[in-house]
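Okay, structure first, notes after.
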Amino acid sequence: MLRNIPKILPPDLVKYMMEMGHSDFMVIADAGFPGTAHAKRIVRMDSVEIPQLLEAILQLFPLDYFVPDLVRLMQKLDHEPEVTIWDTYRELLGKYDKDNAFHDFAYLDRLAFYEHAEDAYVIVQTGDTSRYGNIIIQKGVCV
């Protein structure tokens, strides 16, 4: 048993996070995301909501301060209402971004997001049903 690893994180996800190198990225996906179709590696966490998982991950995961688009989201359609879960993401990133790497989100349209996900080191599929909950975070160096 190890100390200070949030209990929500399963061993295989911790292993993948440790294997990831600088500039590798992970997708934390909502319940509707076609994760299995796009994943090199997938961790299923169907009973977990993204904000709780993101908070646990950010405690251990340095963000990549070398790139401007280290956190990417799926662009909503113009006619849709504001996405409230993004405010939660901003709050968590502000709380755990020790290198002040995060400034704002980059947005990818749906199909581009899916294509980009195919290059992810790992996709974590959650049971979250929030609209536009999918998020990509890019790993930086731990100094």
Discussion item. Determine whether a donor-acceptor pair (N or O, by modelled atom type, separation under 3.5 Å) exists between the side chain of Asp97 and the backbone of Gly94.
Written reply: no
Fill in: Straight-line distance of Leu63 CG to Phe25 CZ, nearest 0.5 Å
14.0 Å
Discussion item. Just so I know, are the side chains of Ser23 and Gln138 near enough to count as touching, which here means a heavy-atom distance under 4.5 Å?
Written reply: yes
Item to complete: Looking only at non-hydrogen atoms, find the nearest pair between Ser130 and Asp30 and report the distance.
Response: O-OD2, 3.6 Å
Discussion item. Test: salt bridge (Lys or Arg N to Asp or Glu O under 4.0 Å). Region: residues 122-141. Which pairs qualify, not counting sequence neighbours?
Written reply: Glu80-Arg131
Worksheet item: How long is the span from the CD1 atom in Ile137 to the CG atom in Asp24, to the nearest 0.5 Å?
Response: 12.0 Å
Worksheet item: Minimum heavy-atom separation for Asn134 to Ile50, with atom names?
Response: N-CD1, 4.5 Å
Discussion item. Quick one, Tyr96 and Gln59 - any side-chain contact, counting heavy atoms below 4.5 Å?
Written reply: yes
Worksheet item: Does the gap between the ring centers of Tyr114 and Phe33 come in under 6.0 Å?
Response: yes
Discussion item. For Glu19, give me all partners under salt bridge (charged side-chain N to carboxylate O under 4.0 Å, His left out), at least two apart in sequence or on another chain.
Written reply: Lys15
Discussion item. Test your reading of the model: is there a side-chain donor-acceptor pair from Gln125 to the backbone of Val43, 3.5 Å cut-off?
Written reply: no
Discussion item. Looking at every heavy atom in both Ala106 and Asp69, which two are closest together, and how far apart are they?
Written reply: CB-CB, 3.4 Å
Worksheet item: Would you call Leu77 and Arg110 a side-chain contact if the rule is heavy atoms closer than 4.5 Å?
Response: no
Fill in: Approximate separation, where rounding is to 0.5 Å, of Ile123 CD1 and Tyr16 OH
12.0 Å
Item to complete: Take Arg41 and Asp12 through the test side chain to side chain contact (heavy atoms under 4.5 Å, CB included) and record every step on the way to the result.
Response: CA-CA 10 Å; Arg41 298 164 195 87; Asp12 50 344; over 6 Å; no
Item to complete: Measure across Pro51 and Leu92 and return the closest heavy-atom pair with its distance rounded to 0.1 Å.
Response: O-CD1, 3.5 Å
Practice prompt. Mind running side chain to side chain contact (heavy atoms under 4.5 Å, CB included) on Trp86 and Ile135 for me, showing each step along the way?
Written response: CA-CA 9 Å; Trp86 294 350; Ile135 183 170; over 6 Å; no
Worksheet item: Has Arg90 got its NZ or CZ under 6.0 Å from the middle of the six-membered ring of Phe105, at an angle within 45 degrees of the ring axis?
Response: no
Practice prompt. Mind checking the CG-CD1 spacing from Leu54 to Ile28? Nearest 0.5 Å is all I need.
Written response: 5.0 Å
Worksheet entry | Evaluation steps, side chain to side chain contact (heavy atoms under 4.5 Å, CB included), between Lys95 and Glu91 | CA-CA 6 Å; Lys95 180 177 177 181; Glu91 181 182 322; 5.8 Å; no
Practice prompt. Any chance you could lay out the side chain to side chain contact (heavy atoms under 4.5 Å, CB included) test for Leu13 and Val124, step after step, and finish with the verdict?
Written response: CA-CA 8 Å; Leu13 180 53; Val124 184; 3.6 Å; yes
Worksheet item: Within the side chain of Tyr89, is there an N or O that forms a donor-acceptor pair under 3.5 Å with the backbone of Gly133?
Response: yes
Item to complete: Determine the minimum heavy-atom distance between Thr36 and Arg44, stating which atoms define it.
Response: OG1-NH1, 4.1 Å
Discussion item. If you define the side chain from C-beta out and look only at heavy atoms, does anything of Met17 sit under 4.5 Å from Leu60?
Written reply: yes
Response to the item:
Residues Phe61 and Met26: closest non-hydrogen pair is CE1-CE, 3.7 Å
Item to complete: Output yes when a side-chain donor or acceptor of Thr126 lies under 3.5 Å from a complementary backbone atom of Ala29, and no otherwise.
Response: yes
Practice prompt. Measure the NZ-CG distance between Lys76 and Leu73 for me, rounded to the nearest 0.5 Å.
Written response: 12.0 Å
Worksheet item: Salt bridge check: are Lys40 and Glu118 linked by an N-O gap of less than 4.0 Å?
Response: no
Item to complete: Drop me the distance from Glu55's CD to Ile8's CD1, to the nearest 0.5 angstrom.
Response: 9.5 Å
